[in-house]
K.L.:
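Quick one: the structure is below, and I'll ask about it shortly.
Each chain gets a letter, A, B and so on, in the order the sequences are listed, and its residues count up from 1.
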Number of protein chains: 2
Amino acid sequence: MTDIRASATRSPTGDDATGDNDLAAFALLPAFRRRQFQPDQEVIREGDPAPHAYALVSGWAFSYRLLADGTRQVLAFHIPGDMPGLADALLGRSSAGCKAATPIVANSLPAYQLRAALTHDPGLAAPVLRALSREAVAAQERMVDLGRRSAVARTVHMLLELGERLQRAGMAVGNGYACPISQILLADALGLSAIHLNRVLRRLREDGVLRFRAGHVVFDDPARARRLALSSRQDTPEPYPGRPRHSTLPGP
Amino acid sequence: MTDIRASATRSPTGDDATGDNDLAAFALLPAFRRRQFQPDQEVIREGDPAPHAYALVSGWAFSYRLLADGTRQVLAFHIPGDMPGLADALLGRSSAGCKAATPIVANSLPAYQLRAALTHDPGLAAPVLRALSREAVAAQERMVDLGRRSAVARTVHMLLELGERLQRAGMAVGNGYACPISQILLADALGLSAIHLNRVLRRLREDGVLRFRAGHVVFDDPARARRLALSSRQDTPEPYPGRPRHSTLPGP
DNA sequence: CGACATATTGACCTTAGTCAAAGAGGGTGG
DNA sequence: CCACCCTCTTTGACTAAGGTCAATATGTCG
């Protein structure tokens with residue numbers, strides 16, 4: 001458990017052929033320092049000019065940006081295998097903060113050492129490039145969610161996506177997973193108010209699509225969830241129509 | 001003009017010390033192929049499994065994702081010096097489409113050649129890593145805009161940011177710049193309806209903040225624009241208060 | 001000039017946010 | 001074990017930002 005390689009091969013298949021697990025890249029790195037953080041503890045400080053890159057070993061973390069009035073936008077959730085702060089370490093300045101959502105264990109590497117390693121070890125660049133590229137694609141998905149999907153679609157979409165990532169990391173079972181984040185945090189990721197998110201979740205629960213409760217997500221109707229996740233803002237009022245306060249299943 | 005280095009040094013200072021111009025990285029690459037595209041012509045096809053990376057030499061382009069019902073989210077605008085499709089080329093699959101917004105000239109390189117070049121030339125990795133990292137930071141900014149800023153703040157923020165990028169590329173003069181994109185396109189980038197964006201722009205114009213017209217952006221009150229851009233969704237109704245239909249300057 | 005796309009504006013409606021307040025769980029000191 | 005305190009979750013009532021529809025300019029191009 002202290003061994004990086006151990007968690008790097010946490011994936012179900014054992015080998016990380018798809019490269020989905022960023023940790024695989026980092027397993028090659030020297031001079032990693034193992035660190036632990038408690039929930040809500042700051043891992044990366046926004047604006048830090050000498051940041052560290054991290055390889056998350058266990059637990060959940062999240063990156064965020066704070067606005068002048070205290071409003072927060074959560075940019076990404078990090079699960080074991082992710083490498084928070086990678087881009088920032090390469091640029092030499094943290095553009096966003098990162099906090100632990102649960103108790104976490106992470107391996108850290110100072111930015112300058114990362115850059116040095118990249119210079120000296122040509123084999124390291126490829127996996128880091130892939131990690132960054134995947135991050136870029138994930139960010140695109142987020143932009144589509146925030147810009148063009150309804151609150152319901154956005155919510156379902158993100159929860160499905162998290163499920164897929166956890167699945168690949170071997171941390172999901174059947175059609176559900178442990179999701180140790182508060183509605184407030186999720187709302188800040190979805191660009192919604194916590195209150196509205198709560199209503200959205202209630203509706204999804206009452207309609208038998210999914211339950212988000214007590215740290216767990218369960219998809220009661222995965223197929224419908226996937227359909228909902230793809231709908232856009234003013235999509236056919238088919239899947240999630242107008243008025244029914246208490247819903248009716250698929251309906252006529 | 002056909003020489004890559006020429007446009008790579010398009011920046012005002014001549015040398016690209018900050019590395020803001022992605023083209024600098026590409027200038028090292030062999031086997032570039034110069035291509036031209038007309039407005040609305042597809043440069044990168046979403047889903048293409050064998051994509052090309054591009055170095056934009058002149059003109060504007062934009063990356064986007066299409067939703068089932070035809071809704072579009074513009075993910076980024078590309079100006080000379082940018083490298084659209086870089087992340088996709090590294091992953092071997094285009095996650096988003098890219099089209100020319102104006103007539104453009106771009107140098108293209110097949111993904112496999114890019115990857116080969118990265119393997120053979122260790123000096124190439126660093127600039128590509130920086131380019132990807134900058135892209136990540138830009139995406140974060142976009143997520144904050146879409147998730148947590150009002151329509152007005154978002155609009156002003158993006159126009160200011162575009163101005164800064166153009167400035168660094170030596171394509172902006174004083175407090176304005178040529179901005180050859182339609183309101184529809186801008187709206188799709190901001191996650192707004194074109195109609196609402198039009199109202200926002202009208203208001204900004206009437207309030208003497210900025211004008212977006214006939215392919216040009218002019219900041220009439222740059223200081224106020226910057227202030228507006230930082231406000232969040234339910235920020236103090238100070239800068240952009242309630243009713244005044246025809247506005248009054250800063251006012252009491 | 002006609003065909004088209006973009007830009008504007010008005011009238012109206014829906015989604016999502018705000019305010020206020022009441023439950024629910026989980027620690028903790030007594 | 002219990003009162004107290006916190007934070008997170010829920011719900012109701014109301015407001016407002018932003019979307020939808022429809023129609024009218026404007027502009028460009030062949």
K.L.:
What's the CZ-P distance between A:Phe212 and D:dT9, to the nearest Å?
P.N.:
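Rounding to the nearest Å, CZ of A:Phe212 and P of D:dT9 are 7 Å apart.
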K.L.:
For D:dT7, does either OP1 or OP2 sit under 4.0 Å from a side-chain N or O belonging to A:Gln183?
P.N.:
no
K.L.:
So A:Ile195, base contact, sugar-phosphate only, or nothing? Heavy-atom distance under 4.0 Å.
P.N.:
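Base: the residue A:Ile195, judged by heavy atoms under 4.0 Å, touches a nucleobase.
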K.L.:
Using five base pairs at each end to define the local axes, how bent is the helix from C:dC1-D:dG30 to C:dG30-D:dC1, to the nearest 10°?
P.N.:
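Angle reported: 40°, given to the nearest ten degrees.
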K.L.:
For a quick check of understanding: with a heavy-atom distance under 4.0 Å over all strands, which category does B:Gly215 fall into, base, sugar-phosphate or nothing?
P.N.:
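Touches nothing.
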K.L.:
Inspect the contact between A:Arg149 and A:Glu141 and indicate whether a charged nitrogen and a carboxylate oxygen are less than 4.0 angstrom apart.
P.N.:
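Looking at A:Glu141 and A:Arg149, the cut-off is met.
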K.L.:
What is the distance from CG of A:Leu197 to P of C:dG17, rounded to the nearest Å?
P.N.:
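Between P of C:dG17 and CG of A:Leu197: 10 Å.
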K.L.:
Any side-chain N or O of B:Arg148 below 4.0 angstrom from OP1/OP2 of C:dA16?
P.N.:
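Checking B:Arg148 against C:dA16: no side-chain N or O falls below 4.0 Å of OP1 or OP2.
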K.L.:
When rounded to the nearest 0.5 angstrom, what distance separates CG in B:Leu186 from CG in B:Leu159?
P.N.:
5.5 Å
K.L.:
Spell out, as yes or no, whether a donor-acceptor pair under 3.5 Å connects the side chain of A:Arg154 to the backbone of A:Leu190.
P.N.:
yes
K.L.:
In terms of ring plane angle, is the pair B:Tyr54 and B:Phe37 parallel, tilted or perpendicular, where the classes change at 30° and 60°?
P.N.:
perpendicular
K.L.:
Closest to the A:Leu192 side chain: C:dA16, C:dT8, C:dT6?
P.N.:
C:dA16
K.L.:
If you round to the nearest 0.5 Å, how far is CZ of B:Arg142 from CE of A:Met143?
P.N.:
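Atom-to-atom, A:Met143:CE and B:Arg142:CZ are 8.0 Å apart.
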K.L.:
By nearest atom, which of the nucleotides C:dT8, D:dT11, D:dG18 is closest to the A:Arg199 side chain?
P.N.:
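Selected nucleotide: D:dT11.
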K.L.:
Can you measure from CG (B:Leu204) to CG (B:Asp220) and round to the nearest 0.5 angstrom?
P.N.:
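That separation rounds to 10.5 Å.
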K.L.:
Which of the following nucleotides, C:dT8, D:dG18, C:dT18, is nearest to the side chain of B:Arg154?
P.N.:
D:dG18
K.L.:
Can you figure out which of D:dT20, D:dT10, D:dG18 approaches the side chain of B:Ala151 most closely?
P.N.:
D:dG18
K.L.:
Starting at CZ of B:Arg211 and ending at C1' of C:dT8, how long is that distance when rounded to a whole Å?
P.N.:
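To the nearest whole Å, that distance equals 18 Å.
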K.L.:
Measure NE2/A:His196 against P/D:dT9 and give the value in whole Å, please.
P.N.:
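From A:His196 NE2 to D:dT9 P: 16 Å.
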K.L.:
Verify, without hydrogens or angle tests, whether A:Glu42 (side chain) and A:Cys98 (backbone) share a donor-acceptor contact under 3.5 angstrom.
P.N.:
no
K.L.:
I need the CZ-P distance between A:Arg205 and D:dT9, as an integer number of Å.
P.N.:
11 Å
K.L.:
Distance-only, no hydrogens or angles: does the B:Asp82 side chain make a donor-acceptor pair with backbone N or O of B:Ile79 under 3.5 Å?
P.N.:
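Side chain of B:Asp82 to backbone of B:Ile79: a pair is present.
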K.L.:
Calculate the interatomic distance between B:Arg203 atom CZ and D:dA16 atom P; express it in whole Å.
P.N.:
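To the nearest whole Å, that distance equals 13 Å.
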K.L.:
Please report the interatomic distance CZ(B:Arg202) to CG(B:Leu197), rounded to the nearest 0.5 Å.
P.N.:
12.0 Å
K.L.:
Indicate yes or no for a side-chain donor-acceptor contact from A:Asp88 to the backbone of A:Ser95 under 3.5 Å, with no hydrogens or angles considered.
P.N.:
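Side chain of A:Asp88 to backbone of A:Ser95: a pair is present.
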K.L.:
The side chain of B:Asn198 is closest to which nucleotide in this list: C:dT8, D:dT9, C:dG17?
P.N.:
C:dT8
K.L.:
Measure the distance from CG on A:Leu186 to C1' on D:dT7 and round it to the nearest whole Å.
P.N.:
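Computing the A:Leu186:CG to D:dT7:C1' distance gives 17 Å.
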K.L.:
Does anything in residues 140-147 of chain A come within less than 4.0 Å of DNA chain D? Heavy atoms only, and list the residues if so.
P.N.:
none
K.L.:
What is the distance from CZ of B:Arg149 to P of C:dA16, rounded to the nearest Å?
P.N.:
21 Å
K.L.:
Can you identify which nucleotide, out of C:dT9, D:dC8, C:dG17, has its nearest atom closest to the B:Arg202 side chain?
P.N.:
C:dT9
